[in-house]
Amino acid sequence: MQFEHNRSLRSGNTLGFDRSARYYCEPATPDQLQEALAFAASKQLNLNVLGSGSNIILTRNIDGLVVHPSSKAITHTPHAIDTDHVRVTCDAGVNWNDLVQFTLNHGLYGLENLSLIPGLAGAAPIQNIGAYGVELCDVFESLSAVHIASGDTRIFHAEDCAFGYRDSVFKSVVAGEYIITQLTLNLTTTGPVNLSYGALAQAVEESDIEHPTAQDVSNIVCAIRRAKLPDPSKIGNAGSFFKNPIIRADTYALLKKDWPTLPGHQVSPTDVQAQTVAQHENNNYPHMKVPAAWLIDQSGYKGQRYGNVGVHHLQALVLVHFGGGTGDELLALASRIQTTVKNTFGIMLEIEPGIV
Ligand code: EPU
């Protein structure tokens, strides 16, 4: 396997920041991954995993070894007992949407709402990707990961991952310790489709399809995403830049008096747990999730440009890079937005992508 020296990462991060890696490799087999670990150890390099770079803000060059997982096998096996269920096992280097398409082509239900999310399959558990009423944890069975320090393989079952809203152990207690190599998902051959997300249910109704299949739902999700979210190959972005904040229901009710159109919906205790533990708050109250996009939009940032960066004109939650800018420039804009939203609504927005 080749170890490239001073490799540009400009096309390796969807924000398109012009940063580089001191060393870079693309292991496609378990042996090549072990070779990468040995290389990093022999040169005392920090090891960083970079998938498709769709959820990362590069503020500097990476002074270490960047590992881009490149194994791409997908297999599916029916459950021995429950014939409606199918296990799909997928290598970390598979493009997420290719996996979704593979499952649709095999008539499987479960991933249709997650169509077109950018990124590699191996990155999906780290932030428990989610969209249109479904999160990865809803179909997740287990994953294999290699422990960087020892080279040993470990299986993580769903309960080991502590999945929450855009959160897992891979962002907290074991952050940076493992390289995810394979995922196993539990899908069905019969559905049902999940239309719990209001905007999706409405689009399905407007399509006049009476009994939508997984493929129908996927087509509609793709159309919504294409209409609202900027294509990273055309304009640099990392999807949603902030998490949707979760606030106490009594705080929400007070805000609603001043801002009667403030949207919000009640959230599950696990989502509340992850956020309130991080903020050392008591989580024994009902909590509401409010759209960060709405808060940013009301603060007047939508469509605004500041030098080489800005806020997308169709979706206020997506910060964009027009070219020639830096990660620090984008973070300065993020900080400006955070301050305005905090001063206006008393809510602190949390940045969602990882920052290097
Ligand atoms: N809104 C505005 N202005 C805008 C955009 C939205 O006021 O410019 C308001 C509207 O009231 C809208 C509400 O915000 O109803 C929610 O917006 P939207 O449905 O677009 O969803 P979101 O909360 O902005 C979340 C995820 C997306 C996911 C969509 C669909 C987060 C941080 N983001 O966005 O995930 O695709 O729901 O399920 O949870 C990502 O993580 O990168 C991502 C794109």
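Atoms considered below: every heavy atom in the structure, side chains included; atoms not considered: hydrogens, waters and symmetry mates. Along the sequence shown, residues are numbered consecutively beginning with 1. Every number for a ligand or one of its atoms is a count from 1 in the order of the listing.
For atom 4 (C) of ligand 1, the nearest protein heavy atom is under 4.0 Å away. Proximity of atom 31 (C) of ligand 1 to the protein is indicated by at least one non-hydrogen atom lying closer than 4.0 angstrom. When distances from atom 15 (O) of ligand 1 to the protein are checked, no heavy atom turns up under 4.0 Å.
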task = Take Arg166 and Glu350 through the test salt bridge (charged side-chain N to carboxylate O under 4.0 Å, His left out) and record every step on the way to the result.
result = CA-CA 11 Å; Arg166 296 295 191 278; Glu350 190 187 332; over 6 Å; no
message = Applying side chain to side chain contact (heavy atoms under 4.5 Å, CB included) to Tyr252 and Val290, what does each step give before you reach the verdict?
response = CA-CA 9 Å; Tyr252 176 81; Val290 298; 3.6 Å; yes
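Using a 4.0 Å heavy-atom cutoff, Lys228 is listed among the residues neighbouring ligand 1.
Looking from atom 1 (N) of ligand 1 to the surrounding protein, the closest heavy atom is Ala293 CB, 3.7 Å. In terms of protein heavy atoms, atom 23 (O) of ligand 1 is closest to Asn244 ND2, 2.8 Å. With respect to atom 38 (O) of ligand 1, the closest heavy atom belonging to the protein is Tyr132 N, 2.6 Å. Looking only at protein heavy atoms, the nearest one to atom 7 (O) of ligand 1 is Trp294 CA, 3.3 Å. Protein heavy atom at the shortest distance from atom 17 (O) of ligand 1 is Gln315 NE2, 4.4 Å. Of the protein's non-hydrogen atoms, the one nearest atom 2 (C) of ligand 1 is Asp297 OD2, 3.6 Å. Given atom 8 (O) of ligand 1, the protein heavy atom at minimum distance is Lys302 NZ, 2.8 Å.
Remark: ligand 1 atoms within the under-4.0 Å shell around heavy atoms of Arg225 are 36 (O). Interface of Gly239 with ligand 1, defined as ligand atoms under 4.0 Å from a residue heavy atom, comprises 42 (O). Close approach of ligand 1 to Tyr165 is summarised as follows: ligand atoms under 4.0 Å from at least one heavy atom of the residue are 31 (C), 32 (C), 39 (O). Within ligand 1, counting atoms from 1 as listed, the ones closer than 4.0 Å to a heavy atom of Pro263 are 11 (O). Atom numbering of ligand 1 starts at 1 in the shown order; those under 4.0 Å from a heavy atom of Pro291 are 13 (C), 14 (O), 16 (C). Of all atoms in ligand 1, numbered sequentially from 1 with element shown, those under 4.0 Å from a heavy atom of Ala316 are 4 (C), 8 (O).
Judged by the 6.0 Å distance and 45° axis criteria, Arg154 is positioned over the aromatic ring of Phe156. Relative to the ring axis of Phe17, Arg10 does not place its NZ or CZ within 45° and under 6.0 Å from the centre.
Of the charged side-chain nitrogens involved, at least one lies within less than 4.0 Å of a carboxylate oxygen, so that Asp297 and Lys302 count as a salt-bridged pair.
For the pair Val67 and Leu33, the minimum side-chain heavy-atom distance is below 4.5 Å.
Partners of His85 according to the ring pair (Phe, Tyr, Trp, His ring centres under 6.0 Å) rule, which considers only residues two or more places apart in sequence or in another chain, are His79.
Ring-centre distance between His76 and Phe102: below the 6.0 Å cut-off.
Distance alone, capped at 3.5 Å, is enough to place a donor-acceptor pair between the Lys256 side chain and the Leu262 backbone. Proximity of a side-chain donor or acceptor of Thr181 to a complementary backbone N or O of Ser144 within less than 3.5 Å is detected.
Among Tyr24, Phe39, Tyr23, the one residue that satisfies the ring pair (Phe, Tyr, Trp, His ring centres under 6.0 Å) test with Phe3 is Phe39.
Under 4.0 angstrom from ligand 1, the non-hydrogen atoms of Arg166 all belong to its side chain.
Here Leu254 is tied to no hydrophobic group at all, with no ILVMFWY side chain closer than 4.5 Å.
Considering only non-hydrogen atoms, atom 29 (C) of ligand 1 lies nearest to Tyr197 out of Tyr301, Phe242, Phe241, Tyr197. Closest heavy-atom approach to atom 33 (N) of ligand 1 within the set Ala131, Gly130, Ser240: this belongs to Ser240.
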